[in-house]
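What follows is a short report on a single structure.
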Amino acid sequence: MQHFNQIIHAWYRHNKRDLPWRQTTDPYKIWLSEIILQQTRIEQGTSYFVRFAETFPTIKHLANASEEEVLKLWQGLGYYTRARNLHATAKKISTEMNGLFPNTYEDIKKLRGIGDYTAAAIASIAFGLPHAAVDGNVYRVLSRYFGIQAPIDSASGKKEFKQLAQELISEMPPHIHNQAMMEFGALQCVPAPDCPACPLNGSCYALTKNMVAQLPVKQNKPKVRNRYFNYLVLLTNESTYLSRRTQKDIWLGLYEFPLIETSSRSDVCHIVESDEFRNFVNPEHVILGDISNWETHPLSHQRIHYRFIKFAVGKESGISETLIRTNKKDIFNFAVPRLIETFINDNIWE
DNA sequence: TAACCGTGGCT
DNA sequence: TAGCCAAGGTT
């Protein structure tokens, strides 16, 4: 174990990346970076971190923002609950905790959006506390090097990895150790690794047993469900209409065009004749326009089949009060899912 | 516990 | 190409 730590530590000194959040120990910035990076690659999250840190330099700035503003800045990053929890927690710290970020593992973990990993990461990086941060990278490194075959998505497996990780941390400063482990997993011990180039290839269990591709073990394979979204693009000369997603579902809090969900790739006639359609507009006062092809937008647990159906509408079209009218320029101020953003960008709005 | 929550890059 | 999976958390 000492050999393992020495190699990892030395490797980290030579290979660590220069990342924006490594230039500070401000708990707020560390917290912000950890939330952004949950289930997110460094390359994808870095520019978001920079924009958030510039726009909201302190917890108070973030707390004073509107949720709309926070979601707009988060647009495109996915898992939007992270943004809503980040904002809600900033408000809580600002109003109920004297603006001070909690400084113990237990208190940090109580915050919304912060689980075992994130609490350990913040506790170690911002406060130097000896808590092992076990993320996807660490599971991969530990399972391979030490030959741990317990499933990483089971409660007992998580416990076993956490315990091993915690034993390892005692030999190095916690903030260095945790980041070294993660960086090693992110750059060297990747899913399809270059083992001949690995400094641990002389003592790695998985390599000697030819099990690199089998570790770590996962037991649950997510099931994907198909959904069919018909987006109604209601157009006047200068404006269109949006609705906000308020149900407990994907993209909660984001905006989109009025949506009619069907159980299959149904016919447009079926859409126009539906009660849902009648609730949005008066069918007798709209003119059917372009219909896009069906496209698919894969999510982690759903495959969204979607298309856009344009309608020319007028003042007598009976547009539902629940829809939000926006001129075509201001539509860019709304936080929207990726597939809506792509549609808007690809259709030139004058 | 198992299902759910986005997006993008890699193979 | 289709599947994997990434600085996970909540219900």
Side-chain angles (χ1 to χ4, degrees), chain A residues 16-17 19-22 29-49 71 74-86 88-89 108-126 132-141 151-158 161-162 165 175 177-187 189-194 213-214 216 218-225 227 245 247-254 256 296-304 335-342:
Chain A
K16 71 182 242 187
R17 289 169 288 185
L19 302 170
W21 49 88
R22 286 191 176 151
K29 299 288 174 50
I30 302 301
W31 169 48
L32 177 61
S33 73
E34 291 300 339
I35 301 301
I36 286 176
L37 292 173
Q38 285 170 1
Q39 293 289 285
T40 304
R41 293 174 187 282
I42 301 281
E43 304 77 39
Q44 190 187 1
T46 299
S47 67
Y48 283 86
F49 172 83
L71 280 173
W74 198 273
Q75 175 176 298
L77 197 52
Y79 288 137
Y80 297 91
T81 298
R82 293 182 295 167
R84 291 183 286 106
N85 284 342
L86 181 76
T89 297
I108 294 169
K109 194 173 180 302
K110 286 176 187 164
L111 300 174
R112 247 200 286 173
I114 296 182
D116 200 63
Y117 160 77
T118 304
I122 297 172
S124 63
I125 298 171
V134 185
D135 73 338
N137 293 308
V138 177
Y139 282 126
R140 193 166 51 247
V141 172
I152 62 174
D153 52 355
S154 69
S156 61
K158 284 190 175 78
F161 279 98
K162 174 82 178 184
H175 69 289
H177 174 84
N178 281 335
Q179 295 187 78
M181 293 282 288
M182 292 190 281
E183 194 85 325
F184 186 77
L187 297 180
C189 197
V190 294
D194 179 10
Q214 277 71 47
K218 280 191 183 179
Q219 58 184 9
N220 297 325
K221 295 191 169 66
K223 287 175 183 168
V224 176
R225 114 179 121 112
R227 298 177 74 179
R245 296 186 64 86
Q247 303 300 309
K248 188 180 168 186
D249 194 356
I250 57 172
W251 302 327
L252 176 59
L254 274 62
E256 62 187 356
T296 60
H297 184 79
L299 306 179
S300 52
H301 283 72
Q302 300 181 22
R303 181 190 305 273
I304 308 297
V336 297
R338 226 10 156 203
L339 64 85
I340 300 291
E341 182 188 6
T342 301

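Everything quoted here is computed from the prediction, not taken from an experiment. Protein chains get the first letters and strands the later ones, always in sequence-line order, with residue 1 at the start of each.
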Next on the checklist: Does A:S154 reach a base, just sugar-phosphate, or nothing at all? Heavy atoms under 4.0 Å.
Outcome noted: nothing
Checklist outcome for this item: Its 5'-most and 3'-most nucleotides having an atom under 4.0 Å from a non-hydrogen atom of chain A, DNA chain C is contacted over C:dC5 to C:dT11
Checklist entry - Base, sugar-phosphate, or nothing for A:I250, non-hydrogen atoms under 4.0 angstrom? => result sugar-phosphate
Checklist entry - Quick one: does A:K218's side chain have a donor or acceptor within less than 3.5 Å of a partner on A:D153's backbone? => result no
Checklist entry - Looking for any heavy atom pair under 4.0 Å, which part of the strands does A:R22 touch: base, sugar-phosphate only, or nothing? => result base
Item to check | Distance, P atom - from B:dT1 to C:dT10, rounded to whole angstrom | outcome: 16 Å
Checklist entry - How far does the P atom of C:dA7 sit from the matching atom of B:dT11, given to the nearest Å? => result 15 Å
Next on the checklist: Could you work out, with ring-ring contact (aromatic ring centres under 6.0 Å, His included) as the rule, every residue matching A:Y48, not counting sequence neighbours?
Outcome noted: none
Checklist entry - Shortest non-hydrogen contact from A:T89 to A:R112? => result OG1-O, 3.1 Å
Next on the checklist: Taking ring-ring contact (aromatic ring centres under 6.0 Å, His included) as the definition, give me every residue that meets it alongside A:Y117, ordered by chain and number, with sequence neighbours left out.
Outcome noted: none
Item to check | Touch class at under 4.0 angstrom, heavy-atom based, for A:D116 against every strand present | outcome: sugar-phosphate
Checklist entry - Do any N or O atoms from the side chain of A:R82 and from the backbone of A:I36 form a donor-acceptor pair under 3.5 angstrom? => result yes
Next on the checklist: Within the structure provided, determine whether A:Q179 and A:K16 are in side-chain contact (heavy-atom separation under 4.5 Å).
Outcome noted: no
Item to check | Distance-minimising heavy-atom pair for A:G253 and A:L71 | outcome: O-CD1, 3.7 Å
Item to check | Sugar-phosphate only, base, or nothing, as touched by A:A133 at under 4.0 Å among non-hydrogen atoms | outcome: nothing
Next on the checklist: Would you measure the distance from the C1' atom in B:dC5 across to the matching atom in C:dC5 and give it in whole Å?
Outcome noted: 15 Å
Next on the checklist: Under 4.0 Å, heavy atoms only, any strand: does A:W31 hit a base, just the sugar-phosphate, or nothing?
Outcome noted: nothing
Checklist outcome for this item: Assert: residue with more 5' nearest nucleotide on DNA chain C, out of A:L111 and A:A186, is A:A186
Item to check | Minimum side-chain heavy-atom gap A:W31-A:I114 below 4.5 Å | outcome: yes
Next on the checklist: On DNA chain C, does the nearest nucleotide to A:N137 precede the nearest nucleotide to A:K248 from the 5' side, or the other way round? Give the residue.
Outcome noted: A:N137
Checklist entry - If you measure from the P atom in B:dG6 to the same atom in C:dT1, how many Å do you get, rounded? => result 26 Å
Checklist entry - For the atom pair CD1 (A:I250) and CD (A:E256), what is the distance rounded to the nearest 0.5 Å? => result 8.0 Å
Checklist entry - Hey, are the side chains of A:V336 and A:Q75 touching, using non-hydrogen atoms and a 4.5 Å cut-off? => result yes
Checklist outcome for this item: Scanning both residues in full, the closest heavy-atom pair of A:N178 with A:S124 reads ND2-OG, 2.9 Å
Next on the checklist: Taking the nucleotide of DNA chain B with the nearest heavy atom to each, does A:P337 or A:A192 sit closer to the 5' end?
Outcome noted: A:P337
Item to check | Sugar-phosphate, base or nothing in reach of A:D153, heavy atoms under 4.0 Å | outcome: nothing
Next on the checklist: Regarding A:P298, tell me which of base, sugar-phosphate or nothing describes its non-hydrogen contacts under 4.0 Å with the strands shown.
Outcome noted: base
Checklist entry - Does a side chain donor of either A:Q219 or A:S154 reach within less than 3.5 Å of an acceptor in the other side chain? => result no
Checklist entry - From the 5' end of DNA chain B to its 3' end, which nucleotides mark the outer limits of contact with chain A, defined by a 4.0 Å heavy-atom distance cut-off (strictly under)? => result B:dT1 to B:dG9
Next on the checklist: Please classify the nucleic acid contact of A:I304 as base, sugar-phosphate, or nothing, using heavy-atom distances under 4.0 Å.
Outcome noted: nothing
Next on the checklist: So A:I114, base contact, sugar-phosphate only, or nothing? Heavy-atom distance under 4.0 Å.
Outcome noted: sugar-phosphate
Checklist outcome for this item: On DNA chain B, more 5' by nearest nucleotide between A:L77 and A:N220 is A:N220
Next on the checklist: For A:Y79, give me all partners under ring-ring contact (aromatic ring centres under 6.0 Å, His included), at least two apart in sequence or on another chain.
Outcome noted: none
Checklist entry - Listed in order of residue number, which residues of residues 38-49 of chain A have a non-hydrogen atom at under 4.0 Å from DNA chain B? => result A:Q39, A:T40, A:R41, A:Q44
